[in-house]
Amino acid sequence: MTSLPPIGIRLLPSLDGTPNSSRTFRYKIFILIFTFLCYTSYHLSRKPISVVKSVLNRNCSLSISDPSVVVNTSSHGNNTKWCDWKPFDQDNAGSLLGSLDLAYLFSYAVGMFISGQVAERVHLRYFLSAGMISSGIMTILFGMGYFWNIHNIAFFIGIQVIGGLVQSSGWPSVVTCVGNWYGKGKRGLIMGIWNSHTSVGNILGSLIAGIFVNTAWGWSFIVPGIIIGTLGILVFFFMVPSPEEVKCELPDQLPATKYTDRATESSDLEDDPLIESLKSVDRINEYGATNSQSSQTSLISLDKSKEKPISLWRALLIPGVIEFSLCLFFAKLVSYTFLFWLPKYIHEKANYDPEKAADISTLFDVGGIFGGISAGLLSDFTGMRATTCVLMLALSAPVLYIYNLYGSLSLAHSIGLSMVCGFFVNGPYALITTAVSADLGTHEVLKGNSKALSTVTAIIDGTGSIGAAVGPLLAGVIESSGWNNVFYMLIGSDIMALLLLLRLLYKEISSSLRRS
């Protein structure tokens with residue numbers, strides 16, 4: 001039984017009305033913008049910790065507004081950590097800050113696998129709304145630690161653990177919503193543009209946190225917490241996860257013929273050993289469809305009312321899920337190390353004050369916006385998702401090396417190389433978490449089962465989130481031995497991500513050559 005649209009939608013005359021193509025188009029635009037804002041707020045509320053690190057632990061003998069000016073600290077003797085926020089004033093501050101990242105990201109990764117299953121079994125509007133409001137509360141509580149004068153590491157780690165769990169509600173929900181409303185034809189470009197919410201959220205989070213970081217860093221968390229909580233309330237009243245809820249036209253979930261050769265793709269599917277476990281009595285023919293006389297044994301019924309969520313194991317057997325998941329482990333490791341440590345790196349390496357370092361770090365995300373859009377556009381044009389990722393990963397390794405060597409020479413170097421680095425690092429990450437996840441979640445072997453999308457998305461992004469937890473933790477440990485070693489770790493991870501896609505790269509190139 002189809003549920004009623006949310007009360008907010010029923011009160012909007014511009015969206016409510018007689019079903020037609022124009023009305024469907026308006027809903028698509030509305031959902032795209034609304035989910036964009038929702039996930040922007042998720043990243044906006046994650047970013048403050050990377051900015052605040054610069055004041056939680058720093059050299060107190062230098063002026064916070066101008067690090068080139070030495071402050072008279074004779075009353076504190078040789079103690080250069082007297083102004084740090086306890087317990088981050090000790091020699092193990094890097095490890096403690098890394099443990100905050102680990103607590104958040106590990107619980108986020110665990111929560112992601114759970115969220116994918118839950119999102120397929122409850123109404124997405126309720127799930128997303130509850131997750132956003134809870135995320136806002138956790139973010140505000142972290143900031144209140146400043147005003148409550150809390151110096152217990154257990155408090156901050158506890159907040160990070162709960163915060164990671166509730167934040168995992170976001171990605172499976174918004175990707176499923178967009179995947180339900182948009183077909184595969186231009187999915188790479190559409191989701192490449194849409195995925196800029198990640199970078200926009202990081203930019204806004206850095207700018208907002210930077211306003212308060214030198215005065216009262218608690219507000220760096222409280223303001224973003226209020227924003228995501230408010231949007232969570234709006235989600236409850238206005239989000240429409242599926243076209244069926246408002247009697248709109250369903251999108252075409254088959255790839256555009258311009259990019260896919262059906263006979264070739266069918267051959268590729270039949271050659272894949274993982275498909276064997278998805279076969280029942282009948283053979284998977286073109287695009288994974290079964291013979292009509294054996295439709296009773298098909299993987300998923302085309303009748304939407306009979307759709308059932310799929311298990312984690314069955315989702316793992318979808319061709320490409322394992323490779324892209326492991327690739328994202330390393331790609332997200334690199335991206336999230338930048339997310340959580342770039343402002344501190346710029347602060348120490350280029351000797352800028354925390355606010356300026358936070359502002360410069362946003363340029364990495366500006367480059368990431370163009371990288372995600374370019375990756376989506378290129379993969380749409382070629383129909384080769386894995387090849388696009390491999391190309392950008394191959395270029396990002398030398399770019400990382402150059403950035404570490406020359407990124408702090410001058411302001412111009414910092415600006416230019418930060419953008420170039422963000423372009424190549426975030427391009428593959430953005431493509432895998434959006435268009436690739438949506439493609440695999442509506443894969444032909446699923447027979448049009450829309451309820452698989454949340455689980456597939458959760459597996460891919462959940463695996464990536466484990467890497468996202470490992471990266472910042474390693475950076476916190478390695479950073480004490482020098483930033484060069486951190487970048488060697490990032491370059492190695494980038495190469496591993498590339499190697500994991502070589503099988504899919506070979507299949508895409510072979511398929512392309514056969515078509516030509």
Side-chain angles (χ1 to χ4, degrees), residues 38-58 60 64 81-90 93-108 111 128-170 201-202 204-236 339-341 343-344 354-355 357-358 469 472 476:
C38 288
Y39 211 70
T40 294
S41 69
Y42 270 96
H43 265 263
L44 182 149
S45 63
R46 295 176 194 173
K47 186 65 177 177
I49 185 65
S50 67
V51 176
V52 172
K53 281 178 182 176
S54 299
V55 296
L56 294 178
N57 175 259
R58 64 186 182 88
C60 302
I64 194 169
K81 299 294 182 182
W82 58 269
C83 65
D84 290 350
W85 190 267
K86 294 179 180 181
F88 306 105
D89 58 342
Q90 304 299 319
S95 297
L96 289 178
L97 292 172
S99 68
L100 291 180
D101 298 337
L102 177 66
Y104 170 83
L105 291 167
F106 184 75
S107 66
Y108 178 87
L128 181 59
S129 177
M132 294 179 71
I133 294 172
S134 300
S135 297
I137 293 172
M138 291 300 107
T139 306
I140 291 171
L141 284 176
F142 196 105
M144 290 304 298
Y146 172 84
F147 298 101
W148 292 337
N149 201 29
I150 295 176
H151 299 277
N152 189 334
I153 187 64
F155 171 82
F156 295 108
I157 288 181
I159 293 297
Q160 290 290 82
V161 168
I162 300 173
L165 288 173
V166 295
Q167 283 247 340
S168 67
S169 62
N202 292 339
L204 293 176
S206 295
L207 295 176
I208 293 173
I211 294 173
F212 307 104
V213 67
N214 289 338
T215 52
W217 59 258
W219 288 108
S220 298
F221 293 89
I222 293 173
V223 173
I226 293 173
I227 292 173
I228 187 174
T230 302
L231 276 170
I233 296 172
L234 293 178
V235 165
F236 180 83
L339 172 66
F340 282 93
W341 284 94
K344 185 172 176 61
E355 183 176 356

Practice problem: Quick one: do I133 and F236 satisfy side-chain contact (heavy atoms from CB on, under 4.5 Å)? Show the steps, please. | Solution: CA-CA 10 Å; I133 294 172; F236 180 83; over 6 Å; no

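- With K344 contributing its side chain and S50 its backbone, the two residues share no donor-acceptor pair below 3.5 Å.
- Between I228 and M138, every side-chain heavy-atom pair lies at or beyond the 4.5 Å cut-off.
- W341 contributes a side-chain N or O that, together with a main-chain N or O of P472, makes up a donor-acceptor pair within less than 3.5 Å.
- F156 and W217 have tilted rings, their planes meeting at an angle from 30° to 60° on a 0 to 90° scale.
- Nearest approach of F221 to T139, heavy atoms of both residues: O-CG2, 3.1 Å.
- Between A358 and S206, the closest heavy-atom pair is O-CB, 3.7 Å.
- Considering CZ of R46 and OG of S41, their distance stands at 9.5 Å, rounded to 0.5 Å.
- In this structure, T40 OG1 and N202 CG are separated by 9.5 Å, a value rounded to the nearest 0.5 Å.
- Atom CZ of F106 has 12 or fewer heavy atoms from other residues, nucleotides or ligands within 6.0 Å.
- Side-chain contact between W85 and N149 is present, with heavy atoms from C-beta onward closer than 4.5 Å.
- The distance from atom CD1 of I222 to atom CG of L141, rounded to the nearest 0.5 Å, is 9.5 Å.
- In terms of heavy-atom proximity, S169 sits nearest to V166 at OG-O, 2.7 Å.
- For P48 against P224, the heavy-atom pair with the smallest separation is CG-CG, 4.0 Å.
- Judged by distance alone, the side chain of S220 and the main-chain N or O of A209 form a donor-acceptor pair under 3.5 Å.
- A distance of 5.0 Å separates CD1 in I227 from CG in L44, rounded to the nearest 0.5 Å.
- Closest of all the heavy-atom pairs between V235 and C38 is CG2-SG, 3.4 Å.
- A donor-acceptor pair under 3.5 Å is formed between the side chain of K53 and the backbone N or O of F340.
- Of all heavy-atom pairs between H151 and K86, the closest is ND1-O, 2.9 Å.
- Listed for the W219 side chain is no donor-acceptor partner under 3.5 Å among the backbone atoms of I208.
- In this structure, the side chains of Y104 and I49 stay at 4.5 Å or more apart for every pair of heavy atoms.
- The stretch residues 129-138 participates, sequence neighbours left out, in no side-chain hydrogen bond (donor to acceptor under 3.5 Å, both in side chains) pair at all.
- The CD atom of Q160 sits 9.0 Å away from the OG atom of S99 when rounded to the nearest 0.5 Å.
- The distance from atom CG of D101 to atom CD1 of I157, rounded to the nearest 0.5 Å, is 10.5 Å.
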Self-check item: Worked check of side-chain contact (heavy atoms from CB on, under 4.5 Å) between I153 and L100
Solution: CA-CA 9 Å; I153 187 64; L100 291 180; 4.2 Å; yes

